[in-house]
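Throughout, a chain's letter reflects where its sequence line sits, starting with A, and its residues are numbered from 1.
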Number of protein chains: 2
Amino acid sequence: MNNEQEPNQGHAECLLQDTSLKTSKKSYHHGDLRTVLLDNAISILRTDGIQGLSMRKLATSADVSRTAPYHHFKDKKELLCAIAEEGFRLFSTRVDAKTIEPAPATLLIFTKQYLEFALKNKEVYELMFGSELWQQHSTTESLKTRAHASFRQYATAIKDWHEDKLINQAVDPLRFAQVSWSTLHGMSRLLIDGVYVDGEAIDAMCEETAQLFWSQLNPAVSF
Amino acid sequence: MNNEQEPNQGHAECLLQDTSLKTSKKSYHHGDLRTVLLDNAISILRTDGIQGLSMRKLATSADVSRTAPYHHFKDKKELLCAIAEEGFRLFSTRVDAKTIEPAPATLLIFTKQYLEFALKNKEVYELMFGSELWQQHSTTESLKTRAHASFRQYATAIKDWHEDKLINQAVDPLRFAQVSWSTLHGMSRLLIDGVYVDGEAIDAMCEETAQLFWSQLNPAVSF
DNA sequence: AATGTAAACTAGACGCTGTCAAGTTTGGCC
DNA sequence: GGCCAAACTTGACAGCGTCTAGTTTACATT
């Protein structure tokens, strides 16, 4: 019958995880479709943007029928949530306040790490924090959990600094966490969206940001 | 909703069609369609969100044919740009750094003004600063001009403080403008999108923000 | 007052989208 | 070997943005 060999199954992403699977001929049951869909979706997202990612194109990219993806993701939102979750997984390996100490130099490093992640993964970043998913409660429960875990990790790092008296004791750790995260997030968004066009200013902005944070955290200063 | 809402003649006209009134017989040429479209678009945007705003529904709301809006807006992007521009017009009347001075109390007021605008007009705010329009250079020239004017107004206010020696002279006014705007923007986005769910924390976050700004601007402190 | 033109508006069509319903194939368990 | 549920298929529907070609009208020129 129809035993065609189809070589297009998201190989580019397959080398990320050294799967020793050799794609044999196409069978009715794919066997690994969810993974392939997720990988292809991220790859399409990165090259064509969120506008260019449709369920139908995604299905085609995995060489399955239009509606096959719906057996692995309830709807498009769930697919996007899965992508965002993948983003948070990567985020936690790239940006972690627990690896630094409250000092001007390390605050600068942290700021740069955050911005580097956001700018290198801008389409995914937008999904992670954008209104697309968060507004009107369309986030998966597991995405919500993971996202809050990311923030909590940051907040507790700062709380630890506070408890260890490494930062100004007049600062409320939670409030500072919320507001400083806002700064990092806002800068990322403005740069990603091209509202701040001048890419050369990024370094200077990072330095200003680190200074701003330190001027608040510095235990040697009293207000 | 809020105080700046405009009269909505488009909807009023919608009511006419099933009440079959004799007056204001619908004529082929509308006469004021662009204004009505823009008003209705904003109103739909506010109630149904960006997802609920389609060119076809907008046309129907103004009781004209599907394609009539295209005689007043080249495409949907141009319509959205016009909405965003309207947003900036309102923004400049609500949030203006020139009206305040660099002091803890006034910084707090300014922060609250900014957040109030963002939260009261969240759908419009998202259009003003979101990736929808800014990414891939799909902004109207006139929108770009107006948006940059808004930022420049803020930046020059801070530059004036600097020149008048009202703030710490070690601070670069432009960099501070960029980063502090980022803080306000980031906080607005996180609150709008519901990533930070706790609405009660807003006041405390505003205070923390104002403190953060002042700890950097305070001329009495040296780093 | 008649005429010509351009602007405002219309209906029809195209290709795209997300997703539902109903039918087909198949791997794995009894 | 037989059965079931999961994986996958085609077909269909309503909605979308927007192009094209045609119709109606306001208005300036004669």
Side-chain angles (χ1 to χ4, degrees), chain A residues 1-6 8-10 21 23-38 40-41 44-45 48-83 127 132-133 136 138 140, chain B residues 9-10 13-14 16-17 24-38 40-41 44-45 48-83 127 132-133 135-136 138 140:
Chain A
M1 313 301 189
N2 37 8
N3 286 348
E4 317 171 27
Q5 301 200 344
E6 272 301 335
N8 177 18
Q9 310 222 342
L21 76 97
T23 38
S24 46
K25 55 210 172 153
K26 184 193 165 182
S27 65
Y28 196 87
H29 279 199
H30 191 290
D32 196 22
L33 187 54
R34 206 197 117 102
T35 311
V36 171
L37 287 174
L38 198 51
N40 286 12
I44 293 175
L45 180 67
D48 300 347
I50 185 76
Q51 307 271 17
L53 175 58
S54 77
M55 294 297 268
R56 294 166 105 107
K57 263 168 63 178
L58 174 60
T60 306
S61 87
D63 199 29
V64 291
S65 80
R66 284 177 338 268
T67 51
Y70 286 89
H71 291 267
H72 301 274
F73 303 96
K74 190 177 131 278
D75 52 22
K76 194 179 183 182
K77 286 263 162 74
E78 204 169 287
L79 195 239
L80 297 180
C81 281
I83 296 176
L127 241 34
E132 183 81 42
L133 296 176
Q136 85 224 51
S138 48
T140 305
Chain B
Q9 20 180 324
E13 209 139 23
C14 256
L16 285 182
Q17 97 184 35
S24 77
K25 202 63 172 142
K26 188 196 162 190
S27 67
Y28 199 87
H29 279 199
H30 190 289
D32 198 20
L33 188 52
R34 205 198 117 105
T35 309
V36 172
L37 287 174
L38 198 50
N40 287 13
I44 293 175
L45 180 68
D48 300 347
I50 184 79
Q51 308 270 18
L53 174 59
S54 75
M55 292 297 272
R56 293 163 105 108
K57 263 168 60 181
L58 173 62
T60 305
S61 87
D63 198 31
V64 291
S65 79
R66 294 187 314 282
T67 50
Y70 286 89
H71 291 269
H72 300 275
F73 303 97
K74 189 177 133 280
D75 50 24
K76 194 178 183 182
K77 286 264 161 75
E78 204 171 287
L79 195 238
L80 298 181
C81 281
I83 296 176
L127 240 34
E132 183 81 41
L133 296 177
Q135 215 140 291
Q136 87 222 47
S138 46
T140 305

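- Contacts of B/Asp75 classified as salt bridge (charged side-chain N to carboxylate O under 4.0 Å, His left out), with partners at least two apart in sequence or in another chain: none.
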Original post:
Does the side chain to side chain contact (heavy atoms under 4.5 Å, CB included) test come out yes or no for B/Val36 and B/Val64, once each step is laid out?
Top reply: CA-CA 11 Å; B/Val36 172; B/Val64 291; over 6 Å; no

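- Scored by the side chain to side chain contact (heavy atoms under 4.5 Å, CB included) test, A/Arg56 finds A/Ser54, A/Arg66 as partners (sequence neighbours excluded).
- For B/Gln136, the side chain to side chain contact (heavy atoms under 4.5 Å, CB included) partners at least two apart in sequence or on another chain are B/Lys77, B/Ser138.
- Here the P atom of nucleotide D/dT25 and the CG atom of B/Leu33 are 16 Å apart, to the nearest Å.
- Atom CG in A/Asp32 sits roughly 12 Å away from atom P in D/dA7 (whole-Å rounding).
- Within residues 67-80 of chain A, the residues having any heavy atom closer than 4.0 Å to DNA chain C are, in order of number, A/Thr67, A/Tyr70, A/Asp75, A/Lys76.
- Under the rule for a salt bridge (charged side-chain N to carboxylate O under 4.0 Å, His left out), the partners of A/Lys57 that lie at least two apart in sequence or sit in another chain are A/Asp48.
- Between the base of C/dG12 and the side chain of B/Arg66 there is a donor-acceptor pair shorter than 3.5 Å.
- Contacts with DNA chain D (heavy atom under 4.0 Å) in residues 49-59 of chain B: B/Ser54, B/Met55, B/Arg56, B/Lys57, listed by number.
- In this structure, A/Leu37 and A/Ala62 approach most closely via the heavy-atom pair CD2-CB, 4.0 Å.
- Applying the side chain to side chain contact (heavy atoms under 4.5 Å, CB included) test to B/Leu45 and every residue at least two apart in sequence or in another chain returns B/Ile50, B/Leu53, B/Ile83, B/Glu123, B/Val124, B/Leu127.
- A 4.5 Å side-chain heavy-atom check between A/Pro69 and A/Leu79 finds every atom pair outside the cut-off.
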